[in-house]
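Data block below; observations after.
Below, each value reflects all heavy atoms present in this structure, side chains not excepted, and no hydrogens, waters or symmetry copies.
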Amino acid sequence: MRYVTGMFALALFALVAPGANAADTLAGTTIYVNSYGGAFDDVLRETVAKPLKEKYGINVVYEPGTAMEALSKAMATKGHSHLDVLMIDSANMPTAIANGAIGKITEKDVPELRNLYAKAREFGDYGASYIFGPLVLSYNKERVKTPPASYRDLLKPEYRGKIAIFNLENNGGILTLAALAADNGGSVANMEPGFAALKKLKANIVATPAANAALNQLFQQNEATVAANWTGRILSLQASGFPVEMVVPKEGIYSGLTYVNLVNGSAHREAALKYIAQQISPAAELGMAQKFFYPPTNKLVKLTPDLAKKVVVYGPESIAKIRTLDWAAVAKHRSAWLEEWNRVMSQ
């Protein structure tokens, strides 16, 4: 009888010990995560790294740089990368998956995944998205009499020499071209209507920058008064006192997402999964919304009415307006599109 009782106790211990002793098991573990630096990392340290340290004793080291650089390193050292978690955007996800740089994560690994909107998991079990990156139209309300209501409106003669759009080196350029294509009967699988529209739009374009900051600078210098731009960048202009307004296009809100991924071969898989769970938590996503107005992907995030208005994309009805792309197709055709873009713009 004592033997049976002892065996029962051991079995019970085996069931509860992993969860009960997670902090003991992970205490002192250090994980490495690529990041974007500056204020972005400050928010992550406060809403992700700090709670992980307090809950489990996990230390997080952020390594600022571009996502492409981090992905290249992860692929070059596949299976033994020093990175445990990889942050990349939608456009880079197909490459990371195809090259085996990242591993699958399921709700069994990270139960919190069930709280994400379906559109936040474009790649199935690969990656967990923690922010939407919406692209909308914007205009200088002091210099533009009739605001654009759709991407098709950008072709109007009244906007001649007033428009700035990203080129295809920026994902915003891809989204803009995709919107022009869709508005004219095309798609990612058939971008010809998009390039046909670009030929007509060219007379209205004053610049096609690659950098986010460069497009904002064009507005600040009044060189451009209408643009397709990221909501966060538009809001930063507004915060500086610049008279810019945003418009949700009739075609919908084209968006990319930013993902947090488990690096294949991570020596600290359990700690990395805890990190992912924390980064998609309501607290962490709220921090991003409050600081940068990034739309949350977690359905449980609660925003004040004022903040929700600034975030633009918030709640089921708003999320339903988001249009995402087949980023695997984008990766396949992007080089050819860039050649065609250069040809059209140089004519």
Are T304 and K310 side-chain neighbours, meaning at least one heavy-atom pair lies under 4.5 Å?
no
Find the distance between OH (Y62) and CZ (R45) and round it off to the nearest 0.5 Å.
7.5 Å
Spacing of CG belonging to D125 relative to CG belonging to L113, to within rounding of 0.5 Å
8.5 Å
What's the separation between atom OG in S266 and atom CG in N261, rounded to the nearest 0.5 Å?
12.0 Å
Below 4.0 angstrom, N of the basic side chain to O of the carboxylate: do R269 and D109 qualify?
yes
Check: W341/N167 side-chain N/O donor and acceptor closer than 3.5 Å
no
Would you say the side-chain atoms of E122 and S129 include a donor-acceptor pair closer than 3.5 Å?
no
Can you tell me how far the CD1 atom of I253 sits from the OG1 atom of T324, to the nearest 0.5 Å?
12.5 Å
Under 3.5 Å, is there a donor on one side chain and an acceptor on the other for N216 and N229?
yes
Can you see which heavy atom on L154 is nearest to which on I163, and at what distance?
O-CD1, 3.1 Å
With distance as the sole test, does E223 use its side chain to make a donor-acceptor pair with the main-chain N or O of V206 at under 3.5 Å?
no
Evaluate the side-chain proximity of N140 to F242: yes if any heavy-atom separation is below 4.5 Å, no if none is.
yes
Quick one: does R114's side chain have a donor or acceptor within less than 3.5 Å of a partner on E107's backbone?
no
Within the 4.5 Å heavy-atom criterion, are Y32 and E63 side-chain neighbours or not?
yes
Is there a continuous path of hydrophobic side-chain contacts, each under 4.5 Å between heavy atoms, that joins Y275 to V263?
no
Examine the side chains of S138 and E245 and answer whether a donor and an acceptor come within less than 3.5 Å of each other.
no
Value for OG1 (T25) from NZ (K274), rounded to nearest 0.5 Å, stands at 10.0 Å
Minimum heavy-atom distance L218-A164, with the two atoms named
CD1-CB, 3.9 Å
Can you give me the closest heavy-atom contact between V110 and I276, atom names plus distance?
CG2-CG2, 4.4 Å
Taking C-beta and beyond as the side chain, do Y117 and P296 meet within less than 4.5 Å on heavy atoms?
no
Classify the side-chain pair N190/S187 by whether it contains a donor and acceptor separated by less than 3.5 Å.
no
Given L235, which of F293, W230, F292 fulfils the side chain to side chain contact (heavy atoms under 4.5 Å, CB included) condition?
F293
Within the 3.5 Å criterion, strictly below it, is a donor on Q347 or K199 matched to an acceptor on the partner's side chain?
no
Donor-acceptor side-chain pairing of D41 and S35 below 3.5 angstrom:
yes
Is any side-chain heavy atom of N342 less than 4.5 Å from a side-chain heavy atom of E339?
no
Are any of the side-chain heavy atoms of T208 and F166 separated by less than 4.5 Å?
no
Check: F123 ring centroid to Y259 ring centroid under 6.0 Å:
yes
Could you measure the distance from the CG atom of N34 to the NZ atom of K73? Nearest 0.5 Å is fine.
9.5 Å
Using side-chain heavy atoms (C-beta onward) and a distance below 4.5 Å, is Y139 in contact with V247?
yes
Any chain of hydrophobic side-chain contacts (each under 4.5 Å) joining V260 to L286?
no
Under 6.0 Å from the CE atom of M345, do we count more than 12 heavy atoms belonging to anything else shown?
yes
Might you point out which heavy atoms bring L155 and A197 nearest each other, and give the distance in Å?
CD2-O, 4.1 Å
Does atom CD of Q221 have more than 12 heavy-atom neighbours from other groups under 6.0 Å away?
yes
Donor-acceptor under 3.5 Å (K291 side chain, V43 main chain):
no
Donor on one side chain, acceptor on other, K78 and N99, under 3.5 Å:
no
All heavy atoms of N171 vs all of A91, minimum pair found to be OD1-CB, 3.4 Å
Heavy-atom count check: over 12 atoms from other residues, nucleotides or ligands less than 6.0 Å from K250 NZ?
no
Could you tell me which non-hydrogen atom of K119 sits nearest to which non-hydrogen atom of I319, and how far apart they are?
NZ-O, 3.3 Å
Close side-chain approach of V85 and L262, heavy atoms under 4.5 Å
no
